[in-house]
2 protein chains.
Amino acid sequence: MQQSLFDFIEQYIILTEEEKKCITDLDIFRSVKKGTLLLSEGQCSRSSIFVLKGLIRTFYIVDGEEKTTEFYAEMEGISPPCVLSGLPSELYISCVEDAMISVSDPGMESEVFRKFPRFESLCRILSEQLLSKNQCNFDTYKTSSPEQRYLHLLKNRSDLLNRVPQHQLASYLGIKPQSLSRLRARLVKKKK
Amino acid sequence: MQQSLFDFIEQYIILTEEEKKCITDLDIFRSVKKGTLLLSEGQCSRSSIFVLKGLIRTFYIVDGEEKTTEFYAEMEGISPPCVLSGLPSELYISCVEDAMISVSDPGMESEVFRKFPRFESLCRILSEQLLSKNQCNFDTYKTSSPEQRYLHLLKNRSDLLNRVPQHQLASYLGIKPQSLSRLRARLVKKKK
DNA sequence: TGATTTTCTTAACTTAAGTGAACGTTTCGA
DNA sequence: TCGAAACGTTCACTTAAGTTAAGAAAATCA
């Protein structure tokens with residue numbers, strides 16, 4: 001299972017046996033059941049999550065209503081705001097499917113950076129890439145309508161359509177479930 | 001002028017004279033006039049920008065229409081997607097006000113990292129913070145209506161209201177200028 | 001300064017999302 | 001396996017943004 005984490009890292013740098021052992025020794029791999037809440041409002045978690053298998057989802061609760069903001073599938077990771085801010089979380093993280101994840105915290109990271117400085121270099125590059133990607137996604141969201149966002153999802157992450165309940169998808173697109181139903185009906189009619 | 005860059009960095013690490021000289025020698029400071037385009041569609045720029053004074057704005061042109069995605073004021077920086085991707089830019093960057101900026105590229109950065117490794121450590125931390133902040137902003141955008149986004153702007157970045165033309169603000173909020181006018185009129189009426 | 005362009009607002013009409021409700025289907029736990 | 005809860009769709013109505021157009025105000029520059 002940890003092999004898939006090694007595979008991910010080795011897209012960037014080839015790991016020595018010593019480095020692999022160091023990662024293994026951290027004992028960061030966890031198996032979690034569908035529906036598990038990995039983070040709840042009010043918690044001051046220090047844990048960053050990397051998804052090895054399965055699917056997790058982040059959301060807020062605004063006026064008693066879940067607002068899904070992102071899905072994280074294989075080889076994607078999330079470090080919730082509370083990890084850096086130290087403030088109680090407003091974010092929830094929950095398991096959409098049974099999943100294998102790795103869980104780390106800033107303490108582990110600095111330990112690894114101390115032992116193997118090139119890991120910090122890798123993390124700088126990765127977080128710059130993530131930042132850039134995140135900004136692009138934000139820009140795409142801002143410049144699209146719900147319908148365009150749905151079509152974009154259909155094209156680029158169609159796996160989500162089968163893995164995620166409609167009402168979570170709707171929320172992710174920024175609309176209500178009823179509106180997603182209608183939107184889909186409208187598109188089918190247009191196509192004819 | 002470069003002092004304000006030093007001030008920014010020294011919020012995190014105190015610079016030695018040697019480090020300051022290294023930065024000064026890079027000759028990265030530029031003065032730019034209002035209206036100047038710092039990046040246009042199609043360009044493969046390698047330049048990241050940090051704003052020391054003034055205001056710049058990023059936008060796309062979609063169906064012949066400008067879509068403003070972000071404003072960068074004092075002590076904020078932007079590394080456009082093309083810097084990392086190497087692909088021709090779809091993003092525009094333009095100067096909203098006369099500005100003083102610093103312009104760097106990946107080559108300069110690796111030179112500085114080589115001479116002073118702790119700069120890479122600082123950059124990792126900064127980009128992790130930026131990523132976290134960017135994700136929070138994205139989440140706030142996703143979970144808000146245009147009206148809520150306007151009120152949020154009023155509360156948190158009210159300086160922009162005076163520094164930026166309405167139609168650019170409207171675009172930034174994800175609506176048309178006419179809708180922003182109407183929204184404002186609606187709010188005034190509500191207040192009474 | 002005067003002319004021209006850009007910007008901002010208002011208005012009437014259109015389009016699409018929000019709301020509340022109903023109803024059939026699926027899921028899940030006792 | 002039965003019953004309750006959650007889920008997805010449809011409908012009628014409401015609300016707010018998009019569109020088109022017009023006119024007033026402000027900024028720009030020759």
Side-chain angles (χ1 to χ4, degrees), chain A residues 33-37 55 57 59-68 71 92 94-98 141-154 160-191, chain B residues 33-37 55 57 59 61-68 71 92 94-98 141-154 160-192:
Chain A
K33 283 276 160 214
K34 174 174 174 174
T36 308
L37 269 182
L55 185 63
R57 154 186 164 254
F59 62 94
Y60 295 82
I61 296 187
V62 183
D63 300 329
E65 212 174 331
E66 287 188 9
K67 300 262 189 177
T68 297
F71 295 99
Y92 292 77
S94 105
C95 237
V96 178
E97 298 173 349
D98 288 355
Y141 191 95
K142 277 183 183 168
T143 56
S144 309
S145 64
E147 181 174 321
Q148 289 170 325
R149 290 199 281 268
Y150 176 75
L151 292 170
H152 188 263
L153 199 68
L154 211 59
L160 286 185
L161 299 183
N162 307 315
R163 297 171 79 176
V164 171
Q166 295 291 320
H167 67 282
Q168 288 176 13
L169 269 186
S171 169
Y172 178 60
L173 295 170
I175 56 178
K176 303 283 158 187
Q178 298 93 317
S179 299
L180 179 54
S181 273
R182 182 169 43 194
L183 190 161
R184 287 154 62 98
R186 203 167 62 220
L187 286 175
V188 168
K189 213 160 110 188
K190 258 191 203 167
K191 218 184 244 173
Chain B
K33 283 273 159 216
K34 176 176 174 172
T36 308
L37 269 181
L55 185 62
R57 155 186 163 252
F59 63 94
I61 296 187
V62 183
D63 301 330
E65 210 174 333
E66 286 188 9
K67 301 261 188 177
T68 296
F71 296 98
Y92 293 78
S94 110
C95 236
V96 178
E97 298 172 350
D98 289 355
Y141 191 95
K142 277 183 182 168
T143 56
S144 309
S145 65
E147 182 174 318
Q148 289 170 324
R149 290 199 281 268
Y150 175 75
L151 292 171
H152 188 262
L153 199 68
L154 211 60
L160 286 185
L161 299 183
N162 307 316
R163 298 170 79 175
V164 171
Q166 297 290 321
H167 67 282
Q168 288 175 13
L169 269 185
S171 170
Y172 177 61
L173 294 170
I175 55 178
K176 304 284 158 187
Q178 299 91 318
S179 299
L180 179 54
S181 273
R182 182 169 41 194
L183 189 161
R184 286 154 63 97
R186 204 167 61 220
L187 287 175
V188 168
K189 214 161 109 187
K190 257 190 206 169
K191 218 182 244 173
K192 284 183 200 166

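Quick note: numbers below take in every heavy atom, side chains included, and nothing from hydrogens, waters or symmetry partners. Proteins come first, then strands; the chains are lettered A, B, ... in the order of their sequence lines, and each starts at number 1.
- Tyr150(B) pairs by the ring-ring contact (aromatic ring centres under 6.0 Å, His included) definition with nothing, not counting sequence neighbours.
- Here dC8(C) presents its C1' atom at 12 Å from CG of Leu169(B), a figure rounded to the nearest Å.
- One atom, CD of Gln148(B), and another, P of dA16(D), lie 12 Å apart when rounded to the nearest Å.
- Remark: C1' of dG18(D) and CD of Glu65(B) are 10 Å apart, rounded to the nearest angstrom.
- Using a 4.0 Å cut-off, some side-chain N or O of Arg186(A) falls inside it from OP1 or OP2 of dA17(C).
- Heavy atoms of Gly35(A) sit nowhere under 4.0 angstrom from any nucleic acid atom.
- With rounding to whole Å, Glu66(A) atom CD is found 13 Å from dC7(D) atom C1'.
- For the pair Leu183(A) CG and dG18(C) C1', the interatomic distance rounds to 14 Å; values are reported in whole Å.
- The side chain of Pro165(B) lies closest to dC8(C), out of dA17(D), dC8(C), dT10(D).
- Checking side-chain atoms of Gln148(A) against main-chain N and O of Ser145(A) turns up a donor-acceptor pair under 3.5 Å.
- When atom types are taken as modelled, the side chain of Thr36(B) and the backbone of Cys95(B) share no donor-acceptor pair closer than 3.5 angstrom.
- Under 4.0 angstrom from either OP1 or OP2 of dA6(D) there lies no side-chain N or O belonging to His167(A).
- Ser179(B) and Arg182(B) form a side-chain donor-acceptor contact under 3.5 Å, judged by distance and modelled atom types alone.
- Taking only side-chain nitrogens and oxygens, Ser179(B) comes nearer than 4.0 Å to OP1 or OP2 of dG18(D).
- Rounded to a whole Å, the CG atom of Leu180(B) is 10 Å from the P atom of dA17(D).
- For the residue pair Arg149(B) / Ser144(B), no side-chain donor-acceptor distance below 3.5 Å is found, with atom types taken as modelled.
- Here the side chain of Pro146(B) is nearest to one of dT10(D), dA17(D), dA17(C), namely dA17(D).
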Take nucleotides 20-30 of chain C nucleotide by nucleotide from the 5' end and write B, S or -, depending on whether a protein heavy atom sits under 4.0 Å from the base, only from the sugar-phosphate, or from neither. B-------S--
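- In the interface, the side chain of Arg182(A) is not paired with the base of dG8(D) through any donor and acceptor atom under 3.5 Å apart.
- For Glu147(B) and dA16(D), the CD to P distance is 7 Å, given to the nearest whole Å.
- Going from atom CG of Asn162(A) over to atom P of dC7(D) covers 18 Å, rounded to whole Å.
- The aromatic rings of Tyr92(B) and Phe59(B) lie parallel to each other, with less than 30° between the two planes, well short of the 60° mark.
- Residue Lys176(B) has its side chain nearest to dG18(D) when only dA17(D), dT9(D), dG18(D) are considered.
- Every residue two or more places apart in sequence or in another chain that forms a ring-ring contact (aromatic ring centres under 6.0 Å, His included) with Tyr141(B) is listed here: Phe138(A).
- In this structure, the nucleotide among dC8(C), dT10(D), dA17(C) sitting nearest to the side chain of Ser181(B) is dC8(C).
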